[in-house]
Amino acid sequence: MAEPALRIRLDDVLYRTRGRDWDYAFLLQPAPLLVEGWYALHRRIFKSVEPNATPCLLRGELGVGTGKPFFATAFTDDARRDSQARPIAHYLTWLGSDADAAPGVSFGPGLVQALAPALDVVFELGAQLLRQGELQSLDALLRGRFQAAIGERELDVTAAPGLALRWLGTLPA
């Protein structure tokens with residue numbers, strides 16, 4: 001039986017990864033939920049995760065307002081490595097009712113594959129080249145170039161068979 005295709009709105013995805021010469025940065029960010037920003041929530045979601053080739057699957061809810069469901073995954077990339085030859089990791093958090101309703105299947109590798117052309121645009125860029133004549137932060141520059149290279153804001157992603165799913169409960173805001 002074929003695995004399901006999931007429709008993912010990129011405005012609902014928090015995506016953090018690294019490049020060959022730049023450290024981890026958020027390439028996709030939903031609208032802010034809290035004043036403290038996405039990094040604190042990202043750390044809460046992935047606090048006990050050490051990414052490897054097998055994607056981990058995490059579900060839970062952010063304790064914001066009446067709650068904000070999420071479906072998250074982290075895994076290392078088979079093809080991309082940093083300048084020290086270490087595999088890079090991808091951290092993806094899909095927020096909202098579509099994520100909550102999605103079956104417990106591995107969506108991350110399919111989403112990264114769909115985003116590969118945009119990631120190729122920024123992956124090889126060096127920090128010095130990116131910052132020449134710019135006043136924005138490195139994260140903002142990378143995010144801007146990455147998002148400019150994305151065609152569609154909604155993608156159909158082929159999911160892989162589900163793995164063990166870990167329920168994180170409600171994470172404090």
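All of these numbers come straight from a predicted model, not from anything done at the bench. Throughout, numbering of the chain's residues begins at 1 and tracks the sequence.
- Distance check: His42 NE2 to Leu14 CG gives 7.5 Å after rounding to the nearest 0.5 Å.
- Here the shortest heavy-atom pairing between Ala74 and Val49 reads CB-CG1, 3.9 Å.
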Take His90 and Asp77 through the side-chain contact (heavy atoms from CB on, under 4.5 Å) test and state the conclusion after the steps. CA-CA 7 Å; His90 300 283; Asp77 196 304; 2.7 Å; yes
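- Side-chain atoms of Leu28 and Asp11, non-hydrogen and from C-beta on, never get closer than 4.5 Å to each other.
- Of all heavy-atom pairs between Ala72 and Phe46, the closest is CB-CZ, 3.8 Å.
- At a threshold of 4.5 Å between non-hydrogen side-chain atoms, the residues Arg86 and Arg18 count as touching.
- The shortest heavy-atom contact between Tyr15 and Leu119 is OH-CD2, 3.7 Å.
- Residues Thr54 and Phe75 approach most closely at C-CB, 4.5 Å, considering heavy atoms.
- Ion pairing between a basic and an acidic side chain is recognised when a charged N comes within 4.0 Å of a carboxylate O; Asp82 and Arg20 show no such pairing.
- At a threshold of 4.5 Å between non-hydrogen side-chain atoms, the residues Pro161 and Val105 do not count as touching.
- Between the CD atom of Glu152 and the CD1 atom of Ile150 there is a distance of 10.5 Å, given to the nearest 0.5 Å.
- In summary, of the residues considered (Leu171, Thr93, Leu168), a side-chain contact (heavy atoms from CB on, under 4.5 Å) with Leu62 occurs for Leu171 alone.
- Using a 4.5 Å heavy-atom threshold, the side chains of Leu58 and Ile45 count as touching.
- A salt bridge is absent between Lys68 and Glu61; no separation between the charged side-chain nitrogens and carboxylate oxygens falls under 4.0 Å.
- Separation of atoms CG (Asp98) and CG (Asp100) is listed at 9.5 Å; rounding is to 0.5 Å.
- In this structure, Arg59 satisfies the cation-pi test against Phe71, with its NZ or CZ atom closer than 6.0 Å to the six-membered ring centre and inside 45 degrees of the ring normal.
- One distance of note links OH of Tyr39 with CZ of Arg44; it measures 12.0 Å at 0.5 Å rounding.
- With contacts defined as side-chain heavy-atom distances shorter than 4.5 Å, the pair Thr73/Pro55 qualifies.
- Other residues, nucleotides and ligands place no more than 12 heavy atoms under 6.0 Å from the CD atom of Gln113.
- Judged by a 6.0 Å distance limit and a 45° cone about the ring axis, Arg80 is positioned over the six-membered ring of Phe123.
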Given side-chain contact (heavy atoms from CB on, under 4.5 Å), test Glu50 with Cys56 step by step and report yes or no. CA-CA 9 Å; Glu50 185 62 41; Cys56 67; over 6 Å; no
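- With contacts defined as side-chain heavy-atom distances shorter than 4.5 Å, the pair Leu115/Val112 does not qualify.
- Outside the 6.0 Å centre-distance limit, the rings of Phe70 and Trp94 are not counted as a close aromatic pair.
- When every heavy atom of Pro30 is checked against every heavy atom of Leu95, the shortest pair comes out as CG-CD1, 3.6 Å.
- Panel note: side chain Thr17, backbone Ala89; a donor-acceptor pair is recorded below 3.5 Å.
- In this structure, CG on Asp12 lies 10.0 Å from CZ on Arg153, to the nearest 0.5 angstrom.
- The two residues Val121 and Arg145 come nearest to each other via the heavy atoms CG1-O, 4.3 Å.
- Side-chain atoms of Val13 and Leu111, non-hydrogen and from C-beta on, do get closer than 4.5 Å to each other.
- Residues Thr158 and Leu6 have side chains not in contact (no heavy-atom distance under 4.5 Å, counting atoms from C-beta outward).
- Between Phe26 atom CZ and Phe146 atom CZ the span is 13.5 Å, to the nearest 0.5 Å.
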